[in-house]
Amino acid sequence: MTDARRPLVAGNWKMNGLTADGVALAKGVAAHAADAAAEVAVCPPFTLIGAIGGAIGSGTVVLGAQDCHTAEKGAHTGDVSAAMLADAGCGMVIVGHSERRTDHGEDDALVRAKAEAVHSHGMTAIVCIGETEAERDGGKTLDVVTGQLAGSLPDGSDAANTVVAYEPVWAIGTGRTPTSGEVQEVHAAIRQALAGRFGNDVANAMRLLYGGSMKPGNARELVALADVDGGLIGGASLKTEDFAAIIDACG
Ligand code: PGA
């Protein structure tokens, strides 16, 4: 990472957390984040956004969400719009997580439309991309990842409104991670593709997160890589101690 890019450590709680535990976790994270060099975000489930927003207060931790609908409002039972998330105090929204792509059949065009909705409400989209194990084994990683990047990022993406998270599908929740060399290779390819589309200034300023079994024991090595600017953390973001250790490793 370069000095120009402040590292970001974002916790993706997924479908975990009831009020009491979530509030306690968020308070612990906020206390730790106060002295952190890295920017810290937590993305609780929709049900907890209000409570977690209250628990973290204003300042040290960015409130995020895990998904949004593309439309402003209307007849979309069960969905939540970007306008609603901004109104609830969110500053970031994860879009295109592989679990959304798999569980809900989300494709690049939909992810891009979601990112546009996030941008239009002044929030930052954390756009997730990553290859499956079969794609990696087939030598297709860079093609898949750069293809998803091209399809999922709206025109007008910049370093303020967009963060890219590279999350190999086979590394999520499995305890397995690519080698440092493999991570850096993909991140460098992402940055090169960003430069080709948005120019060097945007590419050099945009933060690229690694995600997939990031934990206290491997965070420091991953974030030391030239093109890794923090992490999107699932399982390890649910324990204050582990998440705090990752925040420190990324600082
Ligand atoms: P994990 O999840 O850290 O539990 O592997 C990361 C993610 O899916 O964002």
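Position 1 is the first residue of the sequence; numbering continues from there. Counting starts at 1 for both ligands and their atoms, in listed order.
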Ring pair (Phe, Tyr, Trp, His ring centres under 6.0 Å) contacts in which one or both residues fall within residues 187-232, not counting sequence neighbours: Y166-H187
Under the rule for side chain to side chain contact (heavy atoms under 4.5 Å, CB included), what residues qualify as partners of H69, not counting sequence neighbours? A71, H76, D79
Can you list the residues that meet the side chain to side chain contact (heavy atoms under 4.5 Å, CB included) rule with A203, with sequence neighbours excluded? R191, L194, A195
Would you say that M214 contacts C250 through its side chain, given a criterion of any heavy-atom pair below 4.5 Å between the two side chains? yes
salt_bridge(D248, R220) N-O dist < 4.0 Å: no
Might you list the protein residues in contact with ligand 1, defined as having a heavy atom under 4.0 Å from one of its atoms, sorted by chain and number? N12, K14, H97, E167, A171, I172, G173, G212, S213, L232, I233, G234, G235
Taking the basic N atoms (NZ, or NE/NH1/NH2) and the acidic carboxylate oxygens, is any pair closer than 4.0 Å for E131 and R136? yes
